[in-house]
Protein chains: 2
Amino acid sequence: METRRSRVLDLAVLGHLAEAPMHGYELRKRLDRELGLLRAFSYGSLYPRLRAMRCGGLVEADGDRPAAGRRPRIVYRLTDDGRAALLRLLSDSAPAESDDECFGVHFTLFGRTRLEVRMRILSGRRHRLAQRLDALHQALGRLDGRGDPYTHELHRHRAEALRREIDWLDGLIERERRCAEPGGPAGPPR
Amino acid sequence: METRRSRVLDLAVLGHLAEAPMHGYELRKRLDRELGLLRAFSYGSLYPRLRAMRCGGLVEADGDRPAAGRRPRIVYRLTDDGRAALLRLLSDSAPAESDDECFGVHFTLFGRTRLEVRMRILSGRRHRLAQRLDALHQALGRLDGRGDPYTHELHRHRAEALRREIDWLDGLIERERRCAEPGGPAGPPR
DNA sequence: GTTAGCATGTAAGGAGTTACATGATTTT
DNA sequence: AAAATCATGTAACTCCTTACATGCTAAC
């Protein structure tokens, strides 16, 4: 069995440590703030993962030194291996376990990503959503006539939401494409 | 620690068994079809849960008898206790662990629910979504200026999606309300 | 006769949560 | 002096998935 670890957490942790070294508590606060309900992580998952990353050489613990009068806290910083791992995660547009969350975290880190990678992520996501929409339409077809109206209405509404999400992605892709054009890279959205 | 079991599965299983007695394989097929990607359940979760429900007296196994030439299969049917449990689950508009899925499954079963209960579920859901939207807006506010544009765009988009979802709920609530009016119960959506 | 679908299950393990345990520091 | 917040961690538990094990029946 291929042990494929959660990715969302790794992505979030490595991505934020890339910005600046941090200790666990601080990291969690940031994630809480920036992920905006997209995903919350508990200490029970964060701390053990940070340790595991340390063992795996992805991060270094920057001294258990009490740092001038403060109580001891463990400041983690990315190693080169960690940075490499982050790049790998960032440029991987694979299906992913929990696509919605995973894409969200990914997107949150777009500021530190190359255009080519962004494009890959965006169109990968678009493709998967399109598949979902397809499947939903098929399900709606099978249900038609012989289904209860509430179920039908639910799926209809979900299809609409999916459609809108895809349109949003198309807009983003278009914008990125314009960025790549001779006119010059104008920068991120808005 | 308050042992609060998953609910989504219970709801789905009991809800579908209420419609007709069924064996596990069949149940799974139906769930797969009707939940339309909202939620998939594996045999690894279904079969053990059916057993547990049997032990708990929520369902009865209708004979291990091979049923005329067919290979033996275990047909489960709701007991009175199971029916009561289902009603309890159905009329519980509580926060719920995984609100999106839980609401979806709930909604799928609206056909067999009293108006009063439907209203409670719908407005409960609406309330929680409104809270989420609020929190998102606050997060957007905190991020404003000092946040990266991609993160901002993501949250903006999510807020929009939330808004739409709430509007949808408002529409449904309105329709249900009309159902309750003197004009007479006209029936489900559309 | 072999593939595909019906049908039921178990074992191992992944991912994360909650609740607990502990203690320092800052604010009220 | 108490309460809030900073800070790190662990143990137990939940819930579910994957992969395996097994065997029947229908269709091709």
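Convention: sequence-line order gives letters A, B, ...; per-chain numbering from 1.
For B/Tyr43 and D/dT22, the OH to P distance is 19 Å, given to the nearest whole Å. Rounded to whole Å, atom C1' of C/dT8 lies 13 Å from atom CZ of B/Arg54. Rounded to whole Å, atom P of D/dG9 lies 9 Å from atom CG of A/Leu50. If you take CZ of B/Arg7 and P of D/dC15, they are 12 Å apart, rounded to a whole angstrom. One atom, CG of A/Leu31, and another, C1' of C/dT17, lie 16 Å apart when rounded to the nearest Å. Note: CD (B/Glu26) to P (C/dC6) measures 9 Å, nearest angstrom.
Note on residues 100-117 of chain A: pairs passing salt bridge (charged side-chain N to carboxylate O under 4.0 Å, His left out), not counting sequence neighbours, are A/Glu19-A/Arg112, A/Arg39-A/Glu101, A/Asp100-A/Arg125, A/Asp100-A/Arg132, A/Arg114-A/Glu116, A/Glu116-A/Arg120.
Contacts of B/Arg28 with the nucleic acid, taken as non-hydrogen atoms under 4.0 Å apart, are absent. Nucleic acid contact for A/Gly24: sugar-phosphate only, since backbone atoms but no base atoms lie under 4.0 Å from a heavy atom of the residue.
Comparing atom distances between the A/Ser42 side chain and each of C/dG16, D/dT10, C/dT17 picks out C/dT17 as nearest. Of all nucleotides listed (C/dT8, D/dA7, D/dC16), C/dT8 comes nearest to the side chain of B/His23. Side chain of A/Arg39, nearest nucleotide from C/dG5, C/dG16, D/dT5: C/dG16.
For D/dT8, the OP1/OP2 oxygens have no side-chain nitrogen or oxygen of A/Arg51 closer than 4.0 Å. For D/dC16, one of the phosphate oxygens OP1 or OP2 lies less than 4.0 angstrom from a side-chain nitrogen or oxygen of B/Arg49. Between B/Tyr47 and C/dG9 there is no side-chain polar atom (N or O) within less than 4.0 angstrom of OP1 or OP2. When the side-chain nitrogen and oxygen atoms of B/Ser45 are compared with OP1 and OP2 of D/dC15, none of them lie within a distance under 4.0 Å.
A salt bridge between A/Arg156 and A/Glu153 is present, with a side-chain N of the basic residue lying under 4.0 Å from a carboxylate O of the acidic one.
A/Phe41 pairs with exactly one of A/Asp32, A/Leu35, A/Leu27 by the side-chain contact (heavy atoms from CB on, under 4.5 Å) rule, that one being A/Leu35.
With sequence neighbours excluded, no residue forms a side chain to side chain donor-acceptor pair (under 3.5 Å) with A/Thr108.
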